[in-house]
Amino acid sequence: MYFIANWKMFGGLNTLNSLHNVEKFLKKFKKNKFTKIIYCPPYTLIRPMSKKLQKSRIKVGAQNCHEAEIPGAFTGSVNPSMLKNVGARYVIIGHSENRRDGEDDKLINRKIKTSLKMGLKVIFCIGETLKEKRKKITKKILIKQIKNGLRNIKTKKNIIIAYEPVWAIGTGLIPKIKDLFLTIAFIKKRMKNVKILYGGSVNPKNIQQLKIIDNIDGFLVGGASQDYKKFIDIIKKTYN
Ligand code: PEP
């Protein structure tokens with residue numbers, strides 16, 4: 001199971017101290033071998049975090065990147081090779097908060113291609129808005145995002161998909177368990193041998209329901225991952 005922490009635009013150097021507790025927990029955790037933990041802090045914390053986790057099984061990822069292969073005049077941007085250089089091994093691409101700010105499928109596709117080429121593993125986010133859900137076009141939207149986002153990408157080996165309904169992110173809402181099972185199955189049918197995660201308001205309470213869904217390969221956790229106790233709780237409860 002994957003547990004990915006998306007810290008969004010939160011966290012300073014002092015917040016890195018909490019990682020020590022997660023490591024301590026992992027060392028004693030019986031399911032350690034089956035558990036992959038990836039922390040995606042803001043750009044500013046990638047280097048100090050990866051240094052801190054040098055000998056750890058916990059990996060570090062970024063929350064986005066620029067699509068250019070070669071560094072250049074792109075003020076405020078960071079490309080995949082720069083991320084790799086400071087210790088990132090993963091990158092989240094296509095998060096709805098970035099789609100909302102104007103990233104389209106074409107740009108997402110370029111970012112994914114560059115990231116894979118530079119040797120990063122990609123956590124590719126897809127998901128429908130509330131309006132699309134109400135119109136009952138979720139499947140159509142997911143197919144469009146997958147098709148366009150992964151256009152001309154032959155090997156899916158280094159891609160993980162995070163199904164994140166936009167209406168579930170940061171709202172405290174989660175899909176109905178049966179609906180979520182069916183949506184994950186739908187994605188899996190299309191994306192054979194690709195890990196499919198769920199993301200959207202996962203917390204230590206609702207994980208009790210979510211863990212019942214046996215076709216999910218893990219969780220992308222936003223808000224709750226900023227509190228290490230909640231994050232550990234989510235991991236523990238997933239297996240119990
Ligand atoms: C996210 O931002 O990817 C996310 C899942 O956020 P939250 O858990 O806060 O809904």
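In what follows, residues are counted from 1 in the order of the sequence shown. Predicted model only: the values in this text are computed from it and were never measured. Computed over heavy atoms, backbone and side chain alike; hydrogens, waters and symmetry mates excluded.
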*Asks:* Stepwise, does the side-chain contact (heavy atoms from CB on, under 4.5 Å) test hold for Ile58 with Ile38?
*Replies:* CA-CA 6 Å; Ile58 303 173; Ile38 301 149; over 6 Å; no
*Asks:* To the nearest 0.5 Å, what is the distance between CG (Asp227) and CD1 (Ile232)?
*Replies:* 9.0 Å
*Asks:* Can you establish whether the number of heavy atoms outside Arg47 located under 6.0 Å from its atom CZ is more than 12?
*Replies:* yes
*Asks:* Taking Thr114 for the side chain and Lys111 for the main chain, is one N or O donor matched with an acceptor at less than 3.5 Å?
*Replies:* no
*Asks:* Got a sec, which residues hit side chain to side chain contact (heavy atoms under 4.5 Å, CB included) with Val194, two or more places apart in sequence or on another chain?
*Replies:*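 Counting only residues at least two positions away or on another chain, Val194 forms a side chain to side chain contact (heavy atoms under 4.5 Å, CB included) with Lys156, Ile161, Met191, Ile196.
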*Asks:* Determine, using the 4.5 Å side-chain heavy-atom cutoff (strictly less than), whether Phe186 and Ile137 are members of one ILVMFWY cluster.
*Replies:*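 Result: no, two separate clusters.
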*Asks:* Side-chain contact test, heavy atoms from C-beta onward, threshold under 4.5 Å: evaluate it for Pro48 versus Leu13 and give yes or no.
*Replies:* yes
*Asks:* Using atom types as modelled and distance alone, determine if a side-chain donor or acceptor of Lys188 lies under 3.5 Å from a backbone N or O of Asn215.
*Replies:* yes
*Asks:* What distance separates Ile108 CD1 from Arg151 CZ, expressed to the nearest 0.5 Å?
*Replies:*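 Here the interatomic distance stands at 13.0 Å.
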*Asks:* Check whether any side-chain heavy atom of Arg100 lies under 4.5 Å from a side-chain heavy atom of Glu97, and answer yes or no.
*Replies:* yes
*Asks:* If only atom types and distance count, is the side chain of Ser50 paired as donor or acceptor with the main-chain N or O of Val86 below 3.5 Å?
*Replies:* yes
*Asks:* Mark yes or no for whether Gln63, through its side chain, and Pro41, through its backbone, hold a donor-acceptor pair below 3.5 Å.
*Replies:*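 Yes; at least one donor-acceptor contact below 3.5 Å.
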*Asks:* Under 4.0 Å between a Lys/Arg side-chain N and an Asp/Glu carboxylate O for Lys36 and Asp217?
*Replies:*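 Asp217 and Lys36: not salt-bridged.
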*Asks:* How far apart are the C-alpha atoms of Thr183 and Tyr198, what are their side-chain angles, what is the distance that settles it, and do they pass the side-chain contact (heavy atoms from CB on, under 4.5 Å) test?
*Replies:* CA-CA 10 Å; Thr183 308; Tyr198 167 75; over 6 Å; no
*Asks:* Under a 3.5 Å distance rule, please check whether Gln208 uses its side chain to pair with a backbone N or O of Lys237 as donor and acceptor.
*Replies:* no
*Asks:* Under 4.5 Å between any side-chain heavy atoms of Ile46 and Val78, yes or no?
*Replies:* no
*Asks:* Verify, without hydrogens or angle tests, whether Lys136 (side chain) and Lys133 (backbone) share a donor-acceptor contact under 3.5 angstrom.
*Replies:* no
*Asks:* Does the ring center of Phe231 lie less than 6.0 Å from the ring center of Phe25?
*Replies:*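 Ring centres of Phe25 and Phe231 not closer than 6.0 Å.
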*Asks:* Quick one: pull up CG in Leu150 and CD in Gln145 and give me the separation to the nearest 0.5 Å.
*Replies:* 10.5 Å
*Asks:* Counting distance only, does the side-chain N/O of Asn206 pair as donor-acceptor with the main-chain N or O of Asn203 below 3.5 Å?
*Replies:*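 Side chain of Asn206 to backbone of Asn203: a pair is present.
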*Asks:* Between Lys230 (side chain only) and Pro204 (backbone N and O only), is there a donor and an acceptor less than 3.5 Å apart?
*Replies:*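 Flag not set: sc Lys230 to bb Pro204 has no pair under 3.5 Å.
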*Asks:* Are the side chain of Tyr43 and the backbone N or O of Asn64 linked by a donor-acceptor pair below 3.5 Å?
*Replies:* yes
*Asks:* One pair to check against side-chain contact (heavy atoms from CB on, under 4.5 Å): Tyr2 and Leu220. What are the steps and the verdict?
*Replies:* CA-CA 8 Å; Tyr2 280 82; Leu220 175 49; over 6 Å; no
*Asks:* If you define the side chain from C-beta out and look only at heavy atoms, does anything of Val202 sit under 4.5 Å from Ile174?
*Replies:*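 Val202 vs Ile174: side chains apart.
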*Asks:* Hydrophobic clustering (ILVMFWY, side-chain heavy atoms < 4.5 Å, transitive) - are Met82 and Met49 grouped together?
*Replies:* yes
*Asks:* Please report the interatomic distance OH(Tyr163) to CD1(Ile187), rounded to the nearest 0.5 Å.
*Replies:* 6.5 Å
*Asks:* Would you kindly confirm whether Ile160 and Ile93 end up in one hydrophobic cluster when ILVMFWY residues are joined by side chain heavy atoms under 4.5 Å apart?
*Replies:* no
*Asks:* Does Arg57 have more than 12 heavy atoms from other residues, nucleotides or ligands lying within 6.0 Å of its CZ?
*Replies:*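 Yes - once you tally the heavy atoms of other residues, nucleotides and ligands closer than 6.0 Å, there are more than 12.
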*Asks:* Are the side chains of Trp167 and Pro175 in contact, using a 4.5 Å heavy-atom criterion?
*Replies:* yes
*Asks:* For Lys31, is the NZ atom crowded, meaning more than 12 foreign heavy atoms sit under 6.0 Å from it?
*Replies:*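 No, the 6.0 Å shell around NZ holds no more than 12 heavy atoms from other groups.
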*Asks:* Has Asp101 got more than 12 heavy atoms of other residues, nucleotides or ligands less than 6.0 Å from its CG?
*Replies:* yes
*Asks:* Is the positively charged end of Lys59 above the ring of Tyr90, judged by distance under 6.0 angstrom from the centroid and angle within 45° of the axis?
*Replies:*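 Verdict for Tyr90: no cation-pi partner in Lys59.
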*Asks:* With hydrophobic residues grouped by side-chain heavy-atom distances under 4.5 Å, do Ile146 and Ile92 end up in a single group?
*Replies:*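 No; tracing contacts between hydrophobic side chains, which count when under 4.5 Å, never links both residues.
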*Asks:* Do Pro42 and Met9 come close enough that some side-chain heavy atom pair is under 4.5 Å?
*Replies:*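 Side chain of Pro42 against side chain of Met9, heavy atoms only: no contact under 4.5 Å found.
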*Asks:* Following the transitive rule for hydrophobic clusters with a side-chain heavy-atom cut-off under 4.5 Å over Ile, Leu, Val, Met, Phe, Trp and Tyr, establish whether Ile4 and Ile234 coincide in one cluster.
*Replies:* no
*Asks:* Assess whether side-chain contact (heavy atoms from CB on, under 4.5 Å) is satisfied between Trp7 and Leu45, documenting all intermediate values.
*Replies:* CA-CA 10 Å; Trp7 275 8; Leu45 294 181; 4.0 Å; yes
*Asks:* Could you state the interatomic distance from CD (Glu67) to OG (Ser115), rounded to the nearest 0.5 Å?
*Replies:*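 Output value for this atom pair is 10.0 Å.
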*Asks:* Are the aromatic ring centres of Phe34 and Tyr239 under 6.0 angstrom apart?
*Replies:*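 Ring centres of Tyr239 and Phe34 not closer than 6.0 Å.
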*Asks:* Would you compute the distance between atom OG1 of Thr138 and atom CD1 of Ile126 and round it to the nearest 0.5 angstrom?
*Replies:*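 CD1 of Ile126 is found 10.5 Å from OG1 of Thr138.
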